[in-house]
Novice: 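So that we are looking at the same thing, I have put the structure below in structure tokens.
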There are 2 protein chains.
Amino acid sequence: MKTRYRLSDVARLAEVSTATVSAVINRQVGRNIRVSPETEQRVWDAIARLGYVVNPAARTLASGKNRILGIFTYEPIFPFQNHDYFYPFLLGIEEEAEAQGYNLLLFTHVTDAHGKRSIYNEDTNLLYTADGSVLLGLNEDKEELRRLQEGGYPFVYVGRRDVPDASISFTAADYTGATARLVEMMFDQGHRKVIYVCLPRWIESNQDREDGLFRAYLQRGFPLPAEPVLRIPTEQITPEIVRDLLAQGVTGTVVENDELAQALLSSLNALGLSVPRDFSIALCGNPHHAWDNSPDWTMFTIPRREMGSHAVRFLVERLNNPVDTSPRSIYLPCTIVSGQTIAAPPGLKNL
Amino acid sequence: MKTRYRLSDVARLAEVSTATVSAVINRQVGRNIRVSPETEQRVWDAIARLGYVVNPAARTLASGKNRILGIFTYEPIFPFQNHDYFYPFLLGIEEEAEAQGYNLLLFTHVTDAHGKRSIYNEDTNLLYTADGSVLLGLNEDKEELRRLQEGGYPFVYVGRRDVPDASISFTAADYTGATARLVEMMFDQGHRKVIYVCLPRWIESNQDREDGLFRAYLQRGFPLPAEPVLRIPTEQITPEIVRDLLAQGVTGTVVENDELAQALLSSLNALGLSVPRDFSIALCGNPHHAWDNSPDWTMFTIPRREMGSHAVRFLVERLNNPVDTSPRSIYLPCTIVSGQTIAAPPGLKNL
DNA sequence: CTGAAAGCGCTTACAG
DNA sequence: CTGAAAGCGCTTACAG
């Protein structure tokens with residue numbers, strides 16, 4: 001392996017100072033620094049002759065920047081299961097990074113001593129290799145995010161994240177608006193008791209969808225059901241549960257995910273009922289899986305690609321203007337997909 | 001944004017030298033360097049108290065390594081079209097990188113002045129940011145690869161690459177063996193005239209598949225047809241072409257890709273013939289697209305994941321042992337998929 | 001228009 | 001067992 005040439009080698013060969021070489025390779029000539037065309041040509045010749053290539057680490061150390069954006073995910077980034085989940089985000093991130101002239105660093109080596117993926121590993125912030133980072137994943141560690149924000153490190157979360165005692169930048173899907181829209185579609189069909197069914201865990205997107213439900217009731221002035229939200233694990237959805245809902249007069253639901261929706265569907269079928277004839281269901285987001293017996297869901301899709309590209313845009317804005325550290329956020333519109341799973345409630349059809 | 005603490009700040013607070021702090025955070029204690037347990041504890045306390053995090057750029061500059069592996073692709077890495085193509089490679093690369101404790105740098109910002117993706121941009125080798133790189137893509141620039149190899153930069157190509165005047169490391173699929181296997185399967189059914197149909201372009205994998213065809217003939221001792229390889233653009237495959245093949249006594253083909261195979265199928269159908277009753281076809285690799293009217297191809301699949309992980313393994317071996325710069329290569333076995341597109345040739349069925 | 005020099009924050013012989 | 005210091009290869013005021 002031959003030794004690499006240094007900038008000073010180029011300077012010596014071209015008979016100029018290192019400052020001049022630096023100015024030439026960084027296209028500073030004509031800006032604050034002046035170099036005569038002949039001198040510049042000598043520098044380029046010397047570079048070509050030696051086959052000189054700049055050392056990015058040294059450049060980074062000296063300038064404090066390296067035009068690298070990190071991608072940190074709280075779940076493995078390229079697993080089989082999450083394949084279709086992460087991909088559209090990455091697509092948007094890559095597109096925008098390329099457009100902005102940044103490379104992407106995938107933080108793959110991030111499991112700590114306990115086997116957990118985390119940003120701080122033995123007090124080392126792994127992300128510092130990159131000028132700024134895009135963060136993704138459902139199982140984030142809020143305390144880490146707070147610490148990261150406090151440390152002044154530039155990052156943007158893909159997906160709304162509520163961090164106690166901190167305000168962070170994020171790009172989110174407008175779950176609230178999209179969910180409200182689905183509920184209103186049911187209202188338009190004559191439904192009056194529509195509830196939200198979700199898993200029993202507090203996450204921001206569930207909060208947002210719940211808010212969407214409430215907003216729809218508020219806007220239409222319909223009375224909110226006594227139990228507007230059903231928090232339940234998928235495996236606990238049974239025909240009895242569904243019979244209970246029907247007894248309460250519920251005629252339709254918006255549902256967090258496809259597993260829950262499929263479970264509801266199965267229970268309805270077990271009772272001899274069908275969707276949307278006897279009950280309406282709409283899905284709040286993209287299905288996670290391909291199902292054999294999946295109906296054509298009425299649902300909305302999450303603008304993943306746009307969430308990714310906007311995250312990069314926020315990050316680059318922040319890096320270009322380090323003075324303004326105020327957090328930024330955006331709610332991107334979801335797309336409603338009109339399927340075959342909502343219709344007028346059965347009571348109305350009897351009229 | 002508060003200023004970050006430096007290693008020297010930790011040293012001052014712990015009342016030790018920077019060398020000691022460096023030894024502690026790099027786990028050198030107990031190896032060549034000795035630090036008393038009390039001193040070490042003081043260092044860790046100081047680190048915790050300041051919230052010190054190491055600066056990777058400085059570390060890289062000083063040590064010459066950064067435990068980052070690059071991924072360079074000659075096509076955009078996350079486009080819609082190549083989604084399913086690149087993904088399995090990335091999966092294997094990520095798995096192995098994680099296992100080996102390396103992060104991955106995706107070189108996204110690599111288009112030169114002419115809009116072409118290239119490693120050398122204005123005489124700068126973009127890859128030098130990473131300790132070593134995995135290269136992928138069909139449209140590689142051999143001259144660049146030669147230059148890269150000559151420069152001593154550690155890299156591994158995913159897919160066999162023949163570079164004039166250079167010998168590079170790669171991980172390949174055993175196209176030759178798998179193609180020979182398909183041809184022999186046809187021989188076993190009674191075929192004697194099986195040809196290879198491919199696009200009219202020279203690429204390594206076509207060379208390998210062709211070799212597979214020849215190998216099968218050689219092993220069985222059957223005479224090679226006068227025109228054993230048909231090089232033809234997809235759109236030029238017509239019923240006339242196929243009628244010609246049949247007239248030559250060809251009863252089956254192994255085919256480069258699914259587009260060609262589908263075109264053959266259409267032409268056969270247009271002649272009132274069907275597969276595999278009248279003609280056998282086997283596919284040499286994974287289909288690129290999902291087709292509406294695709295038969296259940298007899299084919300082989302390319303071990304993409306393994307190709308990716310082996311590339312990382314080669315790279316890490318090279319980095320761990322910089323003295324041995326000899327190129328490494330491996331041919332990984334493909335998996336034969338028994339479909340419904342080969343059968344005994346029609347002549348035999350009449351007996 | 002150009003150069004000498006400090007500094008970025010680490011690692012690593014080397015000296016003691 | 002620990003410290004002083006050179007060096008990694010750049011950038012960037014600053015001086016002229």
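We name chains A, B, ... by the order of the sequence lines, and we start the count at 1 in each one. Keep in mind that the numbers below use all heavy atoms, side chains included, and drop hydrogens, waters and symmetry copies.
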Novice: Check this for me: does any side-chain nitrogen of one of A:E96 and A:R313 sit under 4.0 Å from a carboxylate oxygen of the other?
Specialist: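 Yes, A:E96 and A:R313 are salt-bridged.
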Novice: What's the closest nucleotide to the side chain of A:N55 if the choices are D:dC10, D:dT11, C:dC10?
Specialist: D:dC10
Novice: The side chain of A:T39 lies closest to which of these nucleotides: D:dT11, C:dT2, C:dC8?
Specialist: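 Between D:dT11, C:dT2, C:dC8, the one nearest the side chain of A:T39 would be C:dT2.
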Novice: Which nucleotide sits closest to the side chain of B:A62: D:dC10, D:dT11, D:dC8?
Specialist: D:dC8
Novice: For A:E98, enumerate each residue passing the salt bridge (charged side-chain N to carboxylate O under 4.0 Å, His left out) test, keeping only those at least two apart in sequence or located in another chain.
Specialist: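 Salt bridge (charged side-chain N to carboxylate O under 4.0 Å, His left out) list for A:E98, sorted by chain: B:R117.
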Novice: Might you point out which heavy atoms bring A:Y153 and A:A130 nearest each other, and give the distance in Å?
Specialist: OH-O, 3.0 Å
Novice: Toward the 5' end of DNA chain C, which comes first, A:P37 or B:S8, by nearest nucleotide?
Specialist: A:P37
Novice: Taking OP1 and OP2 of C:dC1, is either one under 4.0 Å from a side-chain nitrogen or oxygen of A:S36?
Specialist: no
Novice: Looking at B:D45 and B:R42, is there a salt bridge between them, counting it only when a charged N and a carboxylate O are closer than 4.0 Å?
Specialist: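 B:D45 and B:R42: not salt-bridged.
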Novice: Given D:dT11, D:dC1, D:dG9, which nucleotide is nearest the side-chain atoms of A:R59?
Specialist: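 The listed nucleotide nearest to A:R59's side chain is D:dT11.
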Novice: Grab the N/O contacts between the protein and nucleotides 3-5 of chain C below 3.5 Å, and write none if there aren't any.
Specialist:
from  : atom 1 : to    : atom 2 : distance (Å)
C:dG3 : OP2    : A:S17 : N      : 2.7

Novice: Measure from NZ or CZ of A:R67 to the centre of the six-membered ring of A:Y102, then state whether that distance is under 6.0 Å and the direction lies within 45° of the axis.
Specialist: yes
Novice: So does B:E204 pair up with B:K142, basic N to acidic O under 4.0 Å?
Specialist: yes
Novice: Using both pair distances under 3.5 Å as the test, note the stems of at least 3 consecutive Watson-Crick or G-U pairs that include DNA chain D.
Specialist: C:1-3 with D:14-16, C:5-12 with D:5-12, C:14-16 with D:1-3
Novice: Let me know the distance between CG of A:L61 and C1' of C:dG7, rounded to the nearest Å.
Specialist: 9 Å
Novice: Does a side-chain N or O of B:Y52 approach OP1 or OP2 of C:dC10 to a distance below 4.0 Å, or not?
Specialist: yes
Novice: Go through D:dC10, C:dC10, D:dT12 for me and flag the one nearest to the B:L7 side chain.
Specialist: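 Of D:dC10, C:dC10, D:dT12, C:dC10 is nearest to the side chain of B:L7.
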Novice: Any Lys/Arg nitrogen of B:R146 or B:E143 sitting under 4.0 Å from an Asp/Glu carboxylate oxygen of the other?
Specialist: yes
Novice: D:dC10 P sits how many Å from A:D9 CG, rounded?
Specialist: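 Rounding to the nearest Å, CG of A:D9 and P of D:dC10 are 9 Å apart.
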Novice: Provide, to the nearest angstrom, the distance between the CZ atom belonging to B:R6 and the P atom belonging to C:dG7.
Specialist: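 Value for this atom pair: 11 Å.
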Novice: Given atom CD of A:E40 and atom P of C:dT2, what is their separation to the nearest angstrom?
Specialist: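 Distance check: A:E40 CD to C:dT2 P gives 10 Å.
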Novice: A:F89 ring centre to A:R305 NZ or CZ under 6.0 Å, with the angle to the axis within 45°?
Specialist: no
Novice: Between A:E144 and A:Y74, is any side-chain donor less than 3.5 angstrom from a side-chain acceptor?
Specialist: yes
Novice: Between A:I25 (CD1) and D:dT11 (C1'), how many Å, whole number?
Specialist: 10 Å
Novice: Separation of A:R42 atom CZ from C:dC1 atom P, in whole Å?
Specialist: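 Going from CZ in A:R42 over to P in C:dC1 covers 14 Å.
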